[in-house]
Each structure stands twice: as structure tokens, then as C-alpha cells.
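Throughout, protein chains are lettered first and strands after them, A, B, ... in sequence-line order, and every chain is numbered starting at 1. Hydrogens, waters and symmetry mates play no part in the numbers below; they use all other heavy atoms, side chains included.
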Amino acid sequence: MPELPEVETVVRRLRPEMVGRAFAQVRVTWPRTVATGADQLCRTLPGWRVAALERRGKFLLFALARATAGRAVPGDGGEPAGALLIHLRMTGRLNVEPPGAPAGRFTRVAFDLDDGRALHFDDVRKFGRVFLVPQAEAVTGMLGPEPLAEDFTLAAFRRLLVGRARQLKPLLLDQTFLAGLGNIYADEVLYRARLHPLRRTDTLTPEETRRLHRAIRDTLRKAIEHHGTSFDWAYAGGNYQELLNVYDRAGQPCPRCGTPVVRTVVGQRGTYYCPECQARASR
DNA sequence: CCACCGTCCTGGCTGC
DNA sequence: TGCAGCCAGGACGGTG
């Protein structure tokens, strides 16, 4: 499922195709996909140009500007459109289709572009969401910091943990704590940091906190580096697994010590870890 | 403040 | 071979 590295990969792939393009007609085949209202999206988006495409957490963020007057500020003067945001959730995919391409079986929203092509939002499970808002912050305002941002330092991470007493796994999945980690990378981060998923933040030693901070950044950076290829494999059902140390590897040997990887459920989520490397108590 | 549960969805898997 | 039933999982809202 798309987490920060996958979304980053999609953004990098789409950016050269989308920036500068203007939206024409929008077609919605599953209205609930559009969290801010399908009718409003279809009415409002045509005529807006993509000024920039960024990632915030697991959101794709299309910053909009008026297609005609280059000076218009999105969201200014009560303008109804300013930012288009898309969250892929479990199975969402975005592709730029050539002119005349028909909507696929799972296409939920089709955005026609001014060059005749179309951006298709396909989503088998219909969990993905599209937002059109005057200000992106209306959607992203609740998110915690970007784990790969320069200012997400060890000191900043320590400050984030002050006064909290939470299990590590649910904490890493909490987007208001930190933006971008999902179930796969949360497990991979904890494996790399050699910390048990149920360890509580208030029991971490300074050294363990340092390891966790480093593991978050290293795991995500490495995943982004490798995602030119692995992302496609994941969706093609290929051996995406080869990049993963513990996720979905129950019973297989830990790459570090050979102990069989264990699967449990933490906070309703399948959770994989090495019972030897990630012992419950600190050591 | 924190944990836990139900909801949304459907392809793919399991088991008979 | 066919099919019923279950599962995964991100985010959110409600409850304890």
C-alpha cells in the first residue's frame, strides 16, 4: 500500500506531466471518493492550472492557479479552489492517460487535461479520497512533521516525545504525530531500530530514541531510493518483499539473527517483528 | 491522554 | 470446480 516513499515516487513521476497543465472536464464515477463533494469538484476545478505538485505525508498536493490570469492567488478573494489533494489509501493509483483513453473498471475520477490527456484516479477498494479546498492546510493541518524534512532533527523528535506514553507501533502510525509512515514501514522502522512494537515511549532510553529517529529517516530514504522499481513490482504482485526485512515474513528467518519472524496484532494491525532482535525490554 | 472497536470496500485467499 | 466466508488495512468517529 502506498506510504510516504510510494507517494513520493508517484509525485516525482507525475510532476513533469502535470505542472503547468490546466484541468478541463472532471468525471466522477464514485462520488464518495470526492470527500469535499463531487458536484463542487466538477463545477469548480475546470479552468485551474497546476502551479506545483508536492507531497505532504501521504497526500499528493496539487497547488492551483488560475489558468488565464497568471497573477491570481489561489484561495484569494474568496476563490473557491486553491488546492487539490489526493490520498491513495490502500489501493489508489494515478496515471496520465493518452487522449481518448476510456475509463478503466476501477477509475473513480477522471480529470481531463487541456492537452487532451487525462489523469485517472483508479481505486479498487474505494478508500482513496480527493479533496478540493481553498487552502491545503484545511486537509493537511492535522499532520505531524515531515520525517525527511531538514528540521526533523533528533532534538525535534525528542521534543515530540515529551510527556507522551504510547506504544511505539500505534504512535508511528499516528499521522498527527508524524506524517507518512504506514503499516509496512512502521514495522521496518522498528526492526531497524531494534525496538519492540509494544515498547512505550516513556521507557525509551536516550540511545533508543536516537536509534528510532535514525531508523525512521534511513528506512524512508532507502525506500525512496529503491522505489523506481519496487513500487511497480508491488502493484504487479512481484517480489517487492525482497526489500523488506520483517513485513509479511512470518516464520521466515530474521536477516540479522535467523530467529523466525513473529506476527502479532497491535492496534488492529498485522505486526511483524523479530522476537530476538526486538526484545520487549530494553537492553 | 490513551486504547480499542466499528465502519468503509472488494479482490484474493482459505476451506469445504 | 465452485462458492461462501473471511481477511487486510488508513483514517476517522465513537466509546471506555
Side-chain angles (χ1 to χ4, degrees), chain A residues 1-8 10 28-38 55-61 85-94 103-109 121-131 133 136-144 146-147 159-190 196-204 220 223 231 233-241 244 246-251 261-273:
Chain A
M1 58 239 73
E3 304 181 22
L4 187 154
E6 288 77 15
V7 178
E8 181 65 30
V10 173
V28 178
T29 46
W30 187 258
R32 298 180 67 166
T33 294
V34 187
T36 49
R55 179 191 58 73
R56 177 76 175 94
K58 302 178 201 171
F59 288 89
L60 291 99
L61 198 174
L85 296 108
I86 299 180
H87 196 303
L88 303 173
R89 292 280 181 93
M90 315 287 299
T91 53
R93 302 189 64 177
L94 285 166
R105 182 180 166 200
F106 302 119
T107 303
R108 308 304 177 194
V109 184
F121 180 47
D122 296 352
D123 185 20
V124 169
R125 293 195 190 168
K126 301 177 176 174
F127 277 15
R129 289 292 178 265
V130 173
F131 305 80
V133 287
E137 289 71 27
V139 176
T140 61
M142 315 290 282
L143 294 177
E146 281 294 322
R159 261 178 265 126
L160 224 51
L161 289 169
V162 168
R164 315 194 68 137
R166 293 187 65 184
Q167 299 168 341
L168 289 180
K169 174 78 186 271
L171 182 74
L172 292 180
L173 293 177
D174 183 347
Q175 302 299 298
T176 69
F177 171 74
L178 190 64
L181 286 175
N183 203 41
I184 295 174
Y185 290 112
D187 282 1
E188 294 298 316
V189 163
L190 290 172
H196 192 283
L198 288 176
R199 274 293 295 283
R200 296 176 66 103
T201 49
D202 53 348
T203 70
L204 292 178
L220 292 174
F231 185 44
W233 296 348
Y235 277 97
N239 56 358
Y240 173 63
Q241 280 209 6
L244 304 176
V246 286
Y247 185 81
D248 206 20
R249 285 180 166 272
V261 169
V262 168
R263 181 191 191 273
T264 56
V265 175
V266 176
Q268 324 261 112
R269 304 276 154 64
T271 298
Y272 303 85
Y273 67 99

Worksheet, complete the sentence: Separation of dC9(B) atom P from W30(A) atom CH2, nearest Å, is 6 Å
Worksheet item: When we call it a touch if two heavy atoms are under 4.0 Å apart, what does R108(A) touch: a base, just sugar-phosphate, or nothing?
Response: nothing
Item to complete: Would you mind telling me which residue lines up with the more 5' stretch of DNA chain B, A165(A) or R269(A), judged by nearest nucleotide?
Response: A165(A)
Worksheet item: Is R129(A) touching bases, backbone alone, or none of the nucleic acid, heavy atoms closer than 4.0 Å?
Response: nothing
Worksheet item: Which listed nucleotide (dG10(C), dA8(C), dA3(B)) is nearest to the side chain of M90(A)?
Response: dG10(C)
Item to complete: Answer yes or no: is there a donor N or O on one side and an acceptor on the other, between the side chain of T33(A) and the main chain of R108(A), under 3.5 Å?
Response: no
Worksheet item: Quick one: on DNA chain B, does Q268(A) or R164(A) contact a more 5' nucleotide (nearest heavy atom)?
Response: R164(A)
Discussion item. Rounded to whole Å, please give me the gap between CG in D123(A) and C1' in dA8(C).
Written reply: 14 Å
Item to complete: Please work out if G270(A) contacts a base, only the sugar-phosphate, or nothing of the nucleic acid, heavy-atom cut-off 4.0 Å.
Response: sugar-phosphate
Fill in: Main-chain N/O of L181(A) paired to Q175(A) side chain as donor or acceptor, under 3.5 Å
yes
Fill in: Heavy-atom check, side chain of Y273(A) versus side chain of V246(A), under 4.5 Å
no
Worksheet item: What is the nucleic acid contact for Q175(A), judged by heavy atoms within less than 4.0 Å: base, sugar-phosphate only, or nothing?
Response: sugar-phosphate
Worksheet item: Any side-chain heavy-atom pair from R56(A) and L85(A) closer than 4.5 angstrom?
Response: no
Discussion item. Within the structure provided, determine whether H87(A) and K58(A) are in side-chain contact (heavy-atom separation under 4.5 Å).
Written reply: yes
Fill in: Pairwise side-chain contact, F131(A) with L61(A), heavy-atom cut-off 4.5 Å (strictly under)
no
Practice prompt. For dA8(C), take OP1 and OP2 only and decide whether either is under 4.0 Å from a side-chain N or O of R263(A).
Written response: yes
Discussion item. Check whether R105(A) reaches the backbone of T107(A) with its side chain - one donor and one acceptor, N or O, closer than 3.5 Å.
Written reply: no
Fill in: OP1 or OP2 of dG10(C) under 4.0 Å from side-chain N/O of H87(A)
no
Worksheet item: What does F59(A) touch in the nucleic acid at a heavy-atom separation under 4.0 angstrom: a base, only the sugar-phosphate, or nothing?
Response: nothing
Show the distances under 3.5 angstrom between N or O atoms of the protein and N or O atoms of nucleotides 13-16 of chain C.
none

Worksheet item: Under a 4.5 Å cut-off applied to non-hydrogen side-chain atoms, are L88(A) and L60(A) in contact?
Response: yes
Worksheet item: When the distance from CG of L168(A) to P of dC2(B) is rounded to whole Å, what number comes out?
Response: 13 Å
Item to complete: Would you mind reading off the distance between D174(A) atom CG and dG9(C) atom P, rounded to a whole angstrom?
Response: 18 Å
Worksheet item: Just how far, in rounded Å, is P of dC1(B) from CG of D202(A)?
Response: 15 Å
Worksheet entry | Given dG10(C), dC9(B), dA3(B), the nucleotide with the shortest approach to the side chain of K58(A) | dG10(C)
Worksheet item: With respect to the side chain of R89(A), which nucleotide from dC9(B), dC4(B), dA11(C) is positioned closest?
Response: dA11(C)
Discussion item. By nearest heavy atom, map R125(A) and V139(A) onto DNA chain C; which one lands nearer the 5' end?
Written reply: R125(A)
Practice prompt. Determine, answering yes or no, if F127(A) is stacked on dA11(C) under the 5.5 Å centre rule and the 30° plane rule.
Written response: no
Discussion item. So for R166(A) and dA3(B), does any side-chain atom that can act as donor or acceptor lie under 3.5 Å from a complementary atom in the base?
Written reply: no
Worksheet entry | Nearest-Å distance for atom pair CZ/C1', residues R105(A) and dG11(B) | 9 Å
Worksheet item: Within the side chain of R249(A), is there an N or O that forms a donor-acceptor pair under 3.5 Å with the backbone of L244(A)?
Response: yes
Fill in: Nearest-angstrom distance from the residue atom CG of L4(A) to P of dA11(C)
11 Å
Fill in: Of the listed nucleotides dT10(B), dC8(B), dC4(B), the one nearest the side chain of K126(A)
dT10(B)
Practice prompt. Measure from CZ on R32(A) to P on dG10(C) and round the result to the nearest Å.
Written response: 19 Å
